[in-house]
J.: 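Quick one: the structure is below, and I'll ask about it shortly.
Start at 1 with the first residue, then count along the sequence.
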Amino acid sequence: ALCIGDPRIKEKMELDVDVTKLKLMEANFKSQQFALEDKLRKGFPCVIAQAEQRIQSLEKDAAAAEKTQKQDFSITILGKTYGLDAEGKPRKQEAGEALLAAAQALGKNQGTIGEYRGFKMGFHFDAVFGKVYLNLARADTHNVELGESSMGNLTRIENVIEGIPARLQEAQERLENLHEQVRAAKEELGKEFSHARELQEKTARLAE
């Protein structure tokens with residue numbers, strides 16, 4: 001038939017290819033719709049609830065950080081408190097060295113070792129990277145990677161606490177982004193397959 005140039009055979013071959021392609025596209029579209037529906041029903045509510053919970057925790061920690069911002073320096077490490085010396089100067093050097101000593105002594109052990117600005121301090125050893133982290137826990141937990149500098153570690157701790165409002169703002173922006181995704185997903189859900197008419201027409205023509 002091809003040799004004698006029958007146009008119907010050529011058309012049928014082209015329709016076979018087009019219909020197969022369109023059916024695959026339709027199946028993929030339906031799969032995406034099912035996934036979207038499942039995400040709206042289960043995924044988004046769970047993630048949004050977690051985001052809202054974290055925002056509440058960060059709000060409490062941000063308030064605590066602001067409240068203790070102007071207090072005199074005082075940190076407790078392994079039961080010993082380091083505050084101001086006889087001249088009224090912060091004993092940061094001693095505190096930093098005590099923190100390093102505690103990290104070396106405890107090694108891979110985890111647990112609470114003290115308190116600073118109302119945040120409980122505990123060590124956490126990351127076995128994958130072989131690093132020691134300090135956890136500052138209150139309503140939420142804030143991680144600080146410890147270095148070898150005693151004064152540098154105290155600066156890192158201070159920066160993490162002072163950075164809580166910024167992390168709160170990031171969490172609020174992420175929650176708003178999640179709500180935007182929900183709105184967009186609802187708009188997409190229930191839409192008709194964009195090539196439905198073309199598939200219907202070509203399927204009918206192929207059958208003919």
J.: Same cluster or not: Phe44 versus Phe34, using hydrophobic residues (I, L, V, M, F, W, Y) connected whenever any side-chain heavy atoms lie under 4.5 Å apart?
T.: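 No; Phe34 is not reachable from Phe44 via cluster members.
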J.: Same cluster for Ile77 and Leu100 if Ile/Leu/Val/Met/Phe/Trp/Tyr side chains link at under 4.5 Å?
T.: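 The answer is no; the residues belong to distinct hydrophobic clusters.
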J.: Please give me the minimum heavy-atom distance between Ile164 and Ala65, naming the atom from each residue.
T.: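 For Ile164 versus Ala65, the nearest heavy atoms are CD1-CB, 4.5 Å.
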J.: Is it the case that Asn177 and Gln181 place a side-chain donor and acceptor less than 3.5 Å from each other?
T.: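 A pair is found: one side chain offers a donor N or O, the other an acceptor, under 3.5 Å apart.
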J.: Report the C-alpha distance between Glu201 and Arg197 in whole Å, list the side-chain angles of each, state the deciding distance to 0.1 Å, and finish with yes or no for salt bridge (Lys or Arg N to Asp or Glu O under 4.0 Å).
T.: CA-CA 6 Å; Glu201 290 174 351; Arg197 185 178 181 83; 3.2 Å; yes
J.: Any Lys/Arg nitrogen of Glu14 or Lys10 sitting under 4.0 Å from an Asp/Glu carboxylate oxygen of the other?
T.: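 A salt bridge is present here (some side-chain N lies under 4.0 Å from a carboxylate O).
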J.: Would you check if Ser150 and Leu99 make a side-chain contact, meaning some heavy-atom pair closer than 4.5 Å?
T.: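 Heavy-atom side-chain distance check fails, nothing below 4.5 Å.
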J.: With sequence neighbours left out, what residues match Glu180 under side chain to side chain donor-acceptor pair (under 3.5 Å)?
T.: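 Once residues adjacent in sequence are excluded, the partners of Glu180 under the side chain to side chain donor-acceptor pair (under 3.5 Å) criterion are Arg183.
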J.: Which pairs would a plain distance check flag for residues 47-60, meaning a side-chain donor or acceptor within less than 3.5 Å of a matching protein atom at least two apart in sequence or in another chain?
T.:
unit_1, atom_1, unit_2, atom_2, d
Arg54, NE, Asp140, OD2, 3.3
Ser57, OG, Gln53, O, 3.2

J.: Once you round to the nearest 0.5 Å, how far does CD1 of Ile161 lie from CZ of Arg117?
T.: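 Nearest 0.5 Å value for the CD1-CZ distance: 5.0 Å.
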J.: Would you call Lys191 and Glu188 a salt bridge, taking side-chain N to carboxylate O under 4.0 Å as the test?
T.: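 Salt bridge: yes.
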J.: As an exercise, state the distance from CG of Asp61 to CG of Leu168, rounded to the nearest 0.5 Å.
T.: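 Asp61 atom CG to Leu168 atom CG measures 9.5 Å (nearest 0.5 Å).
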J.: Is the count of non-hydrogen atoms from other residues, nucleotides or ligands lying under 6.0 Å from Glu192 atom CD greater than 12?
T.: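 No.
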J.: Within a strict 4.5 Å, meaning less than it, do heavy atoms of the Tyr133 and Val144 side chains meet?
T.: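 No. Closest side-chain heavy atoms not under 4.5 Å.
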J.: Can you list every salt bridge (charged side-chain N to carboxylate O under 4.0 Å, His left out) pair that touches residues 64-88, not counting sequence neighbours?
T.: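 Applying salt bridge (charged side-chain N to carboxylate O under 4.0 Å, His left out) to every pair that reaches into residues 64-88, excluding sequence neighbours, yields Glu87-Lys89.
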J.: Test question: given the 4.5 Å side-chain rule for I, L, V, M, F, W and Y, name all other residues clustered with Leu206, or answer none.
T.: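 Members besides Leu206, by chain and number: Leu15, Val19, Leu22, Met25, Phe29, Phe193, Leu199.
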J.: Under 4.5 Å between any side-chain heavy atoms of Glu115 and Ile75, yes or no?
T.: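 With C-beta onward as the side chain, the pair stays apart.
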J.: Verify whether one side chain among His124 and Asn143 offers a donor that lies under 3.5 Å from an acceptor in the other.
T.: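 No donor-acceptor contact under 3.5 Å links the two side chains.
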J.: Could you check Met121 against Leu136 for side-chain contact (heavy atoms from CB on, under 4.5 Å), going step by step and ending with a plain yes or no?
T.: CA-CA 5 Å; Met121 299 190 302; Leu136 297 168; 3.6 Å; yes
J.: Determine whether Gln93 and Glu97 satisfy the following criterion, side chain to side chain donor-acceptor pair (under 3.5 Å), listing intermediate values before the conclusion.
T.: CA-CA 6 Å; Gln93 185 66 42; Glu97 291 173 357; 3.0 Å; yes
J.: Side-chain heavy atoms under 4.5 Å apart, restricted to Ile/Leu/Val/Met/Phe/Trp/Tyr: what other residues fall into the cluster of Leu24, or is it alone?
T.: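 Besides Leu24, the hydrophobic cluster comprises nothing; the residue is isolated.
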J.: Is the closest basic N to carboxylate O distance between Arg41 and Asp38 below 4.0 Å?
T.: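 Between Asp38 and Arg41 there is a salt bridge, with a charged N closer than 4.0 Å to a carboxylate O.
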J.: Quick check: do Leu84 and Arg91 have side-chain heavy atoms less than 4.5 Å from each other?
T.: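 The answer is no; the side chains never approach within 4.5 Å.
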J.: Measure the shortest side-chain to side-chain distance between Ile157 and Phe119 over non-hydrogen atoms and say whether it is less than 4.5 angstrom.
T.: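 Not in contact.
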J.: Kindly indicate whether the side chain of Arg167, heavy atoms from C-beta on, has any atom under 4.5 Å from the side chain of Val160.
T.: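 In short, these two side chains touch, coming nearer than 4.5 Å.
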J.: Does any N or O in the side chain of Asn153 come within less than 3.5 Å of the main-chain N or O of Leu146, such that one atom is a donor and the other an acceptor?
T.: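 Not at all, since once roles are kept as given, no pair shorter than 3.5 Å links the two residues.
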J.: Output yes when a side-chain donor or acceptor of Thr20 lies under 3.5 Å from a complementary backbone atom of Asp16, and no otherwise.
T.: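 Checked: pair present.
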J.: Might you work through the side-chain contact (heavy atoms from CB on, under 4.5 Å) test for Thr76 and Tyr116, ending with a clear yes or no?
T.: CA-CA 7 Å; Thr76 301; Tyr116 179 58; over 6 Å; no
J.: Could you walk me through whether Asn135 and His142 satisfy the side-chain contact (heavy atoms from CB on, under 4.5 Å) test, starting with their C-alpha distance in whole Å, then the side-chain angles of each, then the deciding distance to 0.1 Å, before giving a yes or no?
T.: CA-CA 6 Å; Asn135 298 329; His142 314 273; over 6 Å; no
J.: Taking the basic N atoms (NZ, or NE/NH1/NH2) and the acidic carboxylate oxygens, is any pair closer than 4.0 Å for Glu208 and Arg205?
T.: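 Salt bridge: yes.
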J.: Quick one: list whatever passes side chain to side chain donor-acceptor pair (under 3.5 Å) with His195, sequence neighbours left out.
T.: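 By the side chain to side chain donor-acceptor pair (under 3.5 Å) rule, His195 matches Glu198.
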